[in-house]
Amino acid sequence: MTRNEASTPPGASTVPQALESARAGETPITGATGAAHPGRPATARATSRDVARLAGVSQAAVSLVLGDKWHGRVSPGKAEAVRDAARELGYRPNLAARSLRMGRTRTALLVVPALTTEFFARVYTGAARVAADHGFGVVLYPSPEGIGPARDPFDSAAATLDGVIASSMAADALAPLRNAGLPLVMLDSDPDDHRATATVNLDIADGIRQLTTHLVALGHRRLTHLAADVRSWTFEVRARAVTDALHGVPGAHLRCLPAALHIDAGLQAAHAALTGPGPRPTALLCDDDIIAAGACKAVRRLGLRIPEDVSVTGFDDLALAVAVEPELTTVRLPAEEFGEAGMRALMAVLDGDPAPVPALPVELVTRGSTAPPADAPGNAARPGGR
């Protein structure tokens, strides 16, 4: 018996009894929200037993469905019946009582780099949505300077948090929190890192392969990779994936130049790539859309055209990707779904269940910033980006 059920006054009407009363012409009793809910005294709060009776299932099934642990254990039809009954009765789990029983604060910490783009804001939106479904709150903590160490934002993390979700780009910020013994779900991080309780990744390598294959299919062989100058697993994966995708391509030549995650840094790196010794690259493959935006500026300042003279690609598909002209060919990352998957993994760990370790698929989005290289037939006839 739950705490809610123990507080129900003796002799309270059950749902079937109230339905019989309604059939007999009696007025339904108003529930706590003021709506007419059959079967509950005006002062009583609906219980999981009420929901189970109205839905025609067991209390265990109610717990599984409302705890989002029903998949494979309760049929979809019965799950929907439980949700309908809960809505009809205005039932809400007693989260305070559950937290006391389980020794939880129902709070998760999301550690991300400084919020300089909307990507991590969208990750937060997805994580917060799943957390709310489980009665959890999310504290968002951008690490100082984006990737530097961060102080524990609480006097005692173990006492005030149930778990942590963190981006690999903010890994150094976790040092003060590791000793707290909290479950840690890493996003976009090395799956073999034993320090993480679970890891949720995007299929970054496949995204880079798609971009590189797209450029090669257009005829590009001289590529420069403008690589994010950040020590992080996700950017190491990108560098390896570019090299692997070009391996065995006849005549392919790859150069790599580092660039900080700023538009000005992308501009400077692209300028160096386009004015350096040797043949000019026909394509600039950038580690993110911000670097790519800077690269586009460099191309134009040199009097070159996009894509007739130089193709430029990004990564992430931020709003910036369609703000530049021509719009960027890039890889779309499902940021909100990424946050949702991270929070689901943390919820599973807290419930003692195996944590899913998905690699979420990504999508190549081709736009006007890529085309065959300048010496391809008919290239000059295409509209330019001058």
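In this chain, numbering begins with 1 at the start of the sequence shown.
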Partner set under salt bridge (charged side-chain N to carboxylate O under 4.0 Å, His left out) for D353, not counting sequence neighbours: K69

R240 atom CZ: more than 12 heavy-atom contacts under 6.0 Å: yes

Check: N201 side chain, D188 main-chain N or O, donor-acceptor pair, under 3.5 Å: yes

Contact check, side chains of L64 and V62, non-hydrogen atoms, under 4.5 Å: no

Test item: T47 and V51 side chains (from C-beta on) under 4.5 Å apart, heavy atoms: no

Where at least one partner belongs to residues 206-220, residue pairs that pass side-chain hydrogen bond (donor to acceptor under 3.5 Å, both in side chains), sequence neighbours excluded: D206-Q210, H214-T370, H220-T282, H220-S311

V216 backbone acceptor or donor facing R221 side chain under 3.5 Å: yes

Linked, directly or transitively: V112 and V138 (ILVMFWY side chains, under 4.5 Å): yes

Of all pairs that satisfy salt bridge (Lys or Arg N to Asp or Glu O under 4.0 Å), the ones with a partner from residues 313-322, not counting sequence neighbours: D317-R332, D317-R367

Donor-acceptor under 3.5 Å (S369 side chain, V312 main chain): yes

Donor-acceptor pair, side chain of R255 and main chain of R222, under 3.5 angstrom: no

N/O donor-acceptor pair under 3.5 Å between T197 side chain and L184 backbone: yes

Result of checking D193, T234, V237 against S168 for side chain to side chain contact (heavy atoms under 4.5 Å, CB included): T234

same_hphob_cluster(V365, L215) at 4.5 Å side-chain heavy-atom cutoff: no

Y124 side, atom OH; L110 side, atom CG - distance, nearest 0.5 Å: 8.5 Å

Backbone N/O of R106 and side chain of D162: donor-acceptor pair under 3.5 Å: yes

Any M343 side-chain heavy atom under 4.5 Å of R129 side chain: no

Matching residue for R238 among I208, L211, T243, L285 - test: side chain to side chain contact (heavy atoms under 4.5 Å, CB included): I208

Candidate pair S48 and Q59, rule side-chain hydrogen bond (donor to acceptor under 3.5 Å, both in side chains), full reasoning: CA-CA 6 Å; S48 61; Q59 281 183 266; 3.0 Å; yes

Minimum side-chain heavy-atom gap F338-R122 below 4.5 Å: no

Side-chain (E118) to main-chain (A319) donor-acceptor, under 3.5 angstrom: yes

salt_bridge(E80, R87) N-O dist < 4.0 Å: yes

Side-chain touch I204/V331, heavy atoms, less than 4.5 angstrom: no

Between OG1 on residue T313 and CG on residue L284, distance to nearest 0.5 Å: 8.0 Å

L246 with L218, same ILVMFWY side-chain cluster at under 4.5 Å: no

Min side-chain heavy-atom separation C286-F315 under 4.5 Å: no

hydrophobic_cluster_shared for L257 and L267, side chain cutoff 4.5 Å: no

Donor-acceptor contact present, side-chain S232 to main-chain F235, <3.5 Å: no

Residue pair P183 / V164, side-chain heavy-atom distance below 4.5 Å: no

Atom pair CZ/CG of F120 and L187 - distance to nearest 0.5 Å: 8.0 Å

Pairwise distance CD1(I263) to NZ(K297) - rounded to 0.5 angstrom: 6.5 Å

ILVMFWY cluster, L320 and V322 together (side-chain gap under 4.5 Å): no

Salt-bridge criterion met for E236 and R231 (N-O under 4.0 Å): no

Side-chain heavy-atom pair V299, R305 within 4.5 angstrom cut-off: no

